[in-house]
Amino acid sequence: MADSIKKTAEPYHHAEIEAKWRESWKKHPVNTPGQNKKKYYCLDMFPYPSGAGLHVGHWRGYVISDVWSRFQMMNGGHYIIHPMGWDAFGLPAENYAIKTGQHPSISTAANVASIKEQVKQIGAIYDWDMELNTTDPAFYKWTQWIFVQMFKKGLAYEKEMPLNWCPSCKAVLANEEVVDGKCERCHSEVTKKNLRQWMLKITAYADRLLEGLEGLDWPEKVKKMQTEWIGRSYGAEVNFPVADAAGNASDKVITVYTTRPDTLYGATFMVLSPEHALVPEITTEEHRAEVEDYCKAAANKSNVDRVQNKDKTGVFTGAYAIDPLNKEKLPVWISDYVLADYGTGAIMCVPAHDDRDWEFAKKFDLPIIPVISPDGQDVDISEGAYTAAVGTMINSGDWNGMKSEDLKREAPGMIEKAGYGKKTTNYKLRDWVFSRQRYWGEPIPIVHCAKCGAVAVPEDQLPVVLPDVKSYQPTDTGESPLAAIDEWVNTTCPECGGPAKRETNTMPQWAGSSWYFLRYVDVNNDKALVDRAKADEFLPVDMYIGGVEHAVLHLLYARFYTKFLYDIGVVGFEEPFKKLFNQGMILGPKGVKMSKSLGNVVSPDDMIRDYGCDSLRMYELFIGPPQQDSAWDERGIDGVFRFLARFWKMVNENIGRDVPETEELVRLRHQLIHTISSRLEAFQLNTVVSGFMEFNNKFVELTQKDGVDKETLKVFVQLMAPFVPHLAEELWERLGENDSVFHSTWPVADQAAMQENTREIAVQVNGKARTVINIAVDADKDAAIAAAKEALGDRLTGTVIKEIYVPGKIVNLVVKP
RNA sequence: GCGGGUAUGGCGGAAUAGGCAGACGCAAGGGACUUAAAAUCCCUCGGGAGUGAUCUCGUGCCGGUUCAAGUCCGGCUACCCGCACCA
């Protein structure tokens with residue numbers, strides 16, 4: 001085959017070239033560890049092996065990571081960790097099993113096999129010795145092991161509480177999985193269900209998850225999303241004694257959380273959430289019926305209603321609370337705009353300085369007292385609250401005259417000292433609901449014993465293998481299908497040996513993906529999750545590439561797991577992903593998201609057949625900036641294919657011509673190196689491709705004349721290699737090289753060699769371009785102005801009142817008529 | 001509502017750091033080669049005026065700074081994304 005493609009005039013036969021080098025690289029891998037090599041770990045977010053296969057959008061991320069990996073291999077001689085695996089537990093495989101009766105492990109294995117074939121078409125340098133699958137017992141043994149460690153440290157615990165329940169998936173959801181009150185996966189409206197569930201105490205890591213973000217080379221958007229998701233705020237808890245209508249205080253106390261203790265004197269009422277424990281206790285007989293009705297209605301309201309209906313509703317309890325500062329008597333109301341599970345579930349209301357309180361006060365005709373005055377002026381609160389913490393305190397007793405911004409900071413400490421509250425930090429982040437009532441997941445390695453309670457399965461008995469079941473059907477009761485297998489459920493307690501039952505919930509899909517990246521470098525280790533020496537040598541991940549949709553799900557969970565594993569000494573670093581790149585989506589031809597139901601999914605398979613893998617790789621990058629969404633246009637690949645064919649022809653025609661170097665060729669060569677390298681380093685991959693095309697056009701032109709020298713051809717081939725590895729390797733061989741182009745060193749641009757002696761610059765008159773002049777780069781102003789005037793000739797009329805010359809850029813003559 | 005992003009020809013997109021707007025492609029039109037087609041190669045390709053050299057308008061809208069603005073500043077509009085009663 002190789003012999004048949006050696007003639008210079010022959011066309012670009014992509015299929016033959018690609019097949020040839022695929023075989024060759026299989027025998028002689030180009031990415032190998034070496035004593036003096038530094039590692040570079042470039043990771044893709046691993047795919048879910050569904051039956052639908054890969055489309056051109058998946059391809060894009062894998063092409064980007066492969067280009068980057070190969071660039072790191074050549075530029076710096078790194079040994080590349082570039083693995084691929086399968087995130088294979090989860091609902092689609094289970095739903096398929098329900099429909100067909102086929103075991104999910106069978107459909108999953110089939111899907112993995114077919115997608116793996118597709119992934120191989122990319123021509124990437126994946127190391128298949130590192131391949132892993134989250135459903136493999138040898139892998140999930142360690143997923144379970146981590147859970148056991150968390151359980152031992154008290155970070156995994158059971159709790160009964162109202163939870164997000166997806167009636168369609170028939171499973172609970174984590175807060176991160178609820179979007180707009182709907183299930184992140186199937187978009188069904190989420191309801192509440194009271195269930196006993198396993199929780200992971202991610203909140204124990206809230207501060208570290210927040211602070212760790214600072215040093216990461218991640219898109220600001222993702223960092224911000226995580227920051228807001230964690231939602232740390234500083235404030236105070238303040239105690240308000242409950243009183244009756246006459247003002248007689250009882251022993252009951254309402255504790256509120258506020259971030260604006262500076263406005264304490266402006267509180268004119270209190271609001272409790274309908275779920276607040278004190279509601280039944282403090283409500284007076286006169287208001288009891290009304291309050292009970294309201295609370296019942298609130299409980300039946302869907303999440304969506306409570307979140308989206310911003311109209312304030314509420315009822316008065318008949319009870320009062322005493323402001324600890326000014327001893328004012330504040331009426332206590334109930335409203336569902338106060339969340340039960342944030343802060344204390346109760347708030348003090350300062351309608352003058354909070355929008356929501358303002359609306360509530362207007363609606364129920366409650367007093368509004370301003371306590372902050374911006375610039376000493378009276379603050380206008382007739383149209384809405386004044387919410388900024390900027391101004392001077394008024395109507396605030398001892399605090400009058402203080403600056404609101406200072407007081408906001410100092411008040412929590414003052415309140416704590418005075419003994420009517422304490423300084424507090426609050427988070428929006430909740431603990432992670434970690435159990436699912438479904439079959440196709442990792443069994444939670446816990447045994448329930450009547451005597452000993454929840455007991456972890458001993459580590460030497462892991463993995464707890466997922467048993468076979470006849471029916472995968474989820475139940476409406478919140479019980480997993482595993483609960484029906486008596487012989488599996490009934491076991492003995494590892495502690496007392498008495499009869500016990502296995503935990504029948506499984507882990508959520510995120511369990512495996514929270515740590516898989518640690519396993520690649522030591523996939524066959526049966527003694528440890530990862531050998532510490534290997535972890536130290538090859539981890540963490542230097543570059544992580546994937547979609548932005550995991551900003552607060554997978555990426556937050558993975559950071560949490562890594563910090564925990566750091567704490568128990570498994571790894572020596574706290575942050576798993578040093579650099580993160582979010583590639584944009586490839587949209588369907590009309591600019592809408594590709595989906596099976598719309599029938600606009602474009603498969604790479606036909607394009608590879610017609611144009612070759614190298615063309616498709618390059619086109620995936622050429623279509624637009626990698627971080628931006630792009631609509632697929634199948635016609636565009638023609639342009640890339642034509643370019644590769646012209647490049648192929650250009651190089652082949654110059655091989656053997658033995659063209660001597662000229663100043664122009666050397667200059668173009670170094671300009672090429674500089675252009676490509678700087679764009680590649682800046683991740684401007686679409687303009688790298690344009691750059692290749694532009695330079696190729698110049699070299700094609702030179703080929704018609706005196707030709708292109710061998711060194712320049714070699715450099716061009718090297719620069720192209722990360723993008724079109726097969727084509728580049730073939731040309732590299734034809735240029736007489738014996739070793740792989742990927743073992744060559746990335747060329748370096750010589751700034752001096754790039755410089756031109758003369759340069760074409762624009763001549764403007766009154767800021768409008770009129771002509772161009774060719775002028776020495778180091779020409780002085782007088783020479784440049786003279787040349788410009790000469791070039792303009794008769795067209796320059798009037799009096800020149802100002803002459804501007806920016807060397808290498810422009811001449812502008814300001815003229816008065 | 002709050003926060004972030006985007007807006008450039010028929011289309012995708014380029015344009016260090018304020019310096020010739022539209023690179024590089026796609027599509028379209030014209031031509032060469034061919035019996036013909038495909039492939040390939042060459043030319044044209046933002047709007048308007050002019051035979052023409054050339055002139056003029058033009059980067060979502062309105063205004064400003066500057067010799068010079070797609071780029072900087074102020075004020076809008078539209079679309080996309082994230083958060084969304086978190087006190």
Side-chain angles (χ1 to χ4, degrees), chain A residues 11 179-181 219-222 224-225 227-229 231-233 235 256-261 263 267 271 273 306-312 335-339 341-350 353-357 359-360 384 387 426-430 548-549 551-552 591 619 622-625 627-640 642-643 645-646 649 678-679 682 684 686-697 700 704 760-772 794-795 801-815:
Chain A
V179 177
D180 283 341
E220 284 306 315
K221 178 183 171 165
V222 176
K224 190 154 198 190
M225 280 170 74
T227 302
E228 284 175 4
W229 190 262
R232 180 165 69 187
S233 67
V256 304
Y257 171 69
T258 178
T259 57
R260 292 296 303 277
T263 63
V271 177
S273 74
R306 266 182 87 155
V307 169
Q308 287 178 356
N309 181 11
K310 307 244 166 172
D311 261 356
K312 298 286 178 287
S335 174
D336 61 7
Y337 84 88
V338 176
L339 304 175
D341 59 353
Y342 180 80
T344 61
I347 60 169
M348 65 170 203
C349 295
V350 186
H353 303 290
D354 181 279
D355 290 328
R356 296 148 304 183
D357 299 345
E359 281 172 40
F360 196 87
T387 57
N426 243 306
Y427 303 87
K428 294 184 191 172
L429 184 70
R430 297 297 131 79
V548 75
E549 65 272 17
V552 287
Y619 182 55
F622 187 55
I623 193 165
Q627 67 282 356
Q628 185 181 302
D629 292 352
S630 300
W632 188 256
D633 177 1
E634 60 178 17
R635 292 175 304 191
I637 194 173
D638 284 317
V640 170
R642 285 176 200 142
F643 154 62
R646 279 196 290 264
K649 186 163 170 251
S678 58
R679 289 177 184 180
Q684 293 161 354
N686 56 324
T687 59
V688 170
V689 179
S690 324
F692 282 139
M693 291 172 166
E694 195 178 348
F695 276 91
N696 189 53
N697 289 343
V700 165
Q704 312 305 320
E760 202 169 69
I761 66 170
V763 175
Q764 298 182 335
V765 176
N766 290 338
K768 287 180 185 175
R770 282 293 173 263
T771 187
V772 291
D794 297 345
R795 291 160 62 195
I801 55 171
K802 194 166 185 178
E803 294 166 338
I804 287 137
Y805 170 55
V806 183
K809 301 248 161 130
I810 208 152
V811 170
N812 188 15
L813 302 177
V814 184
V815 170

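Here the structure is a predicted model, which is why all the values come from computation and not from measurement. Heavy-atom basis, side chains included; hydrogens, waters and symmetry copies ignored. Residue numbers begin at 1 in each chain, while the letters A, B, ... track the order of the sequences.
- Applying the 4.0 Å criterion to OP1 and OP2 of A87(B), one finds that Tyr342(A) has a side-chain N or O inside that range.
- Taking atom CH2 on Trp229(A) and atom P on C2(B), their separation rounds to 21 Å, with Å as the unit.
- Checking C24(B), U56(B), A87(B) against the side-chain heavy atoms of Asn697(A) singles out C24(B) as nearest.
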Grab the N/O contacts between the protein and nucleotides 9-13 of chain B below 3.5 Å, and write none if there aren't any.
unit_1	atom_1	unit_2	atom_2	d
G12(B)	O2'	Ile623(A)	O	2.6
G13(B)	OP1	Gln628(A)	NE2	2.7
G13(B)	O3'	Asn686(A)	ND2	3.4

Would you list the protein and nucleotides 19-22 of chain B atom pairs, both N or O, that sit under 3.5 Å from each other?
unit_1	atom_1	unit_2	atom_2	d
G19(B)	N2	Gln764(A)	OE1	3.4

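- The gap from the P atom of U77(B) to that of G22(B) amounts to 33 Å, rounded to the nearest Å.
- Here Phe360(A) pairs with Phe269(A), Trp333(A), Tyr337(A), Phe364(A) under the ring-ring contact (aromatic ring centres under 6.0 Å, His included) rule; sequence neighbours left out.
- Remark: Glu634(A) CD is loosely packed, at most 12 non-hydrogen atoms of other residues, nucleotides or ligands lying under 6.0 Å away.
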*Taking Watson-Crick and G-U wobble pairs with both distances under 3.5 Å, convert RNA chain B into its dot-bracket string, 5' to 3', dots for unpaired and | for cross-strand pairs.*
(((((((..(((......[....))).(((((.......))))).((((....))))..(((((..]....))))))))))))....
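- Glu803(A) is linked by a salt bridge (charged side-chain N to carboxylate O under 4.0 Å, His left out) to Lys789(A), counting only residues two or more places apart in sequence or in another chain.
- In this structure, the CD atom of Glu549(A) is 13 Å from the C1' atom of C81(B), given to the nearest Å.
- Residues satisfying the side chain to side chain contact (heavy atoms under 4.5 Å, CB included) test with Lys224(A), not counting sequence neighbours, are Glu228(A).
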N/O-N/O pairs, protein side and nucleotides 3-8 of chain B side, under 3.5 Å:
unit_1	atom_1	unit_2	atom_2	d
G3(B)	O2'	Lys224(A)	NZ	2.6

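- In terms of heavy atoms, Gly624(A) sits closest to Ser630(A) at CA-OG, 3.9 Å.
- Spacing of C1' atoms, U66(B) relative to C72(B), comes out at 10 Å, to the nearest Å.
- Here A87(B) is the nucleotide among C57(B), A87(B), C55(B) with the atom lying nearest to any side-chain atom of Asp354(A).
- A sub-4.0 Å separation between OP1 or OP2 of C41(B) and a side-chain N or O of Arg646(A) is present.
- In this view, Val815(A) and Val765(A), Asn766(A), Leu796(A), Val800(A), Leu813(A) satisfy the side chain to side chain contact (heavy atoms under 4.5 Å, CB included) rule, not counting sequence neighbours.
- Not counting sequence neighbours, the partners of Asp354(A) by the side chain to side chain contact (heavy atoms under 4.5 Å, CB included) test are Arg356(A), Asp357(A).
- Counting to the nearest Å, the P atom of A28(B) and the CG atom of Asp638(A) are 11 Å from each other.
- On the C1' atoms, A69(B) is 36 Å away from U51(B), given to the nearest whole Å.
- Every residue was checked against the ring-ring contact (aromatic ring centres under 6.0 Å, His included) condition with Phe622(A), not counting sequence neighbours, and none meets it.
- One atom, CG of Leu339(A), and another, P of A87(B), lie 10 Å apart when rounded to the nearest Å.
- Look at the P atom in both G25(B) and G64(B): the space between them is 40 Å, to the nearest Å.
- Using C1' as the reference atom, A27(B) and G46(B) are 15 Å apart when rounded to the nearest Å.
- Here the closest non-hydrogen pair linking Gly235(A) and Tyr257(A) is N-OH, 3.6 Å.
- Residue Gln684(A) is the one, among Gly345(A) and Gln684(A), whose nearest nucleotide of RNA chain B lies closer to the 5' end (criterion: closest heavy atom).
- Heavy atoms only, all atoms of each residue included: Arg646(A) and Val700(A) are closest at O-CG2, 4.5 Å.
- In this structure, Tyr337(A) places its OH atom 8 Å from C1' of A87(B), rounding to the nearest Å.
- A glycosidic torsion no more than 90° from 0 defines the syn conformation, and G9(B) adopts it.
- Taking atom P on both nucleotides, G1(B) is separated from C76(B) by 13 Å, rounded to a whole Å.
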_Between Tyr619(A) and Trp632(A), is the side chain to side chain contact (heavy atoms under 4.5 Å, CB included) condition met? List the steps._
CA-CA 10 Å; Tyr619(A) 182 55; Trp632(A) 188 256; 3.6 Å; yes
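- Checked against side chain to side chain contact (heavy atoms under 4.5 Å, CB included), Glu359(A) has the following partners two or more places apart in sequence or in another chain: Lys312(A).
- The CZ atom of Arg679(A) sits 11 Å away from the P atom of C24(B) (whole-angstrom rounding).
- To the nearest angstrom, C1' of C24(B) lies 13 Å from CZ of Phe692(A).
- Arg430(A) contributes a side-chain N or O that, together with a main-chain N or O of Asp341(A), makes up a donor-acceptor pair within less than 3.5 Å.
- Considering all non-hydrogen atoms of both residues, Ser273(A) and Leu339(A) come closest at CB-C, 4.0 Å.
- Of the two residues near RNA chain B, Arg770(A) and Arg642(A), the one whose nearest nucleotide lies more 5' is Arg642(A).
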*asked:* Test side chain to side chain contact (heavy atoms under 4.5 Å, CB included) on Ile623(A) and Asp633(A); report intermediate values, then the result.
replied: CA-CA 8 Å; Ile623(A) 193 165; Asp633(A) 177 1; 5.7 Å; no
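- With P as the reference atom, A37(B) and G29(B) are 15 Å apart, rounded to whole Å.
- Applying the salt bridge (charged side-chain N to carboxylate O under 4.0 Å, His left out) rule to Arg232(A) yields the partners Asp207(A), Glu211(A); only residues at least two apart in sequence or on another chain are considered.
- Atoms OH (Tyr619(A)) and C1' (C24(B)) sit 13 Å apart, rounded to a whole Å.
- Spacing of C1' atoms, U65(B) relative to G18(B), comes out at 11 Å, to the nearest Å.
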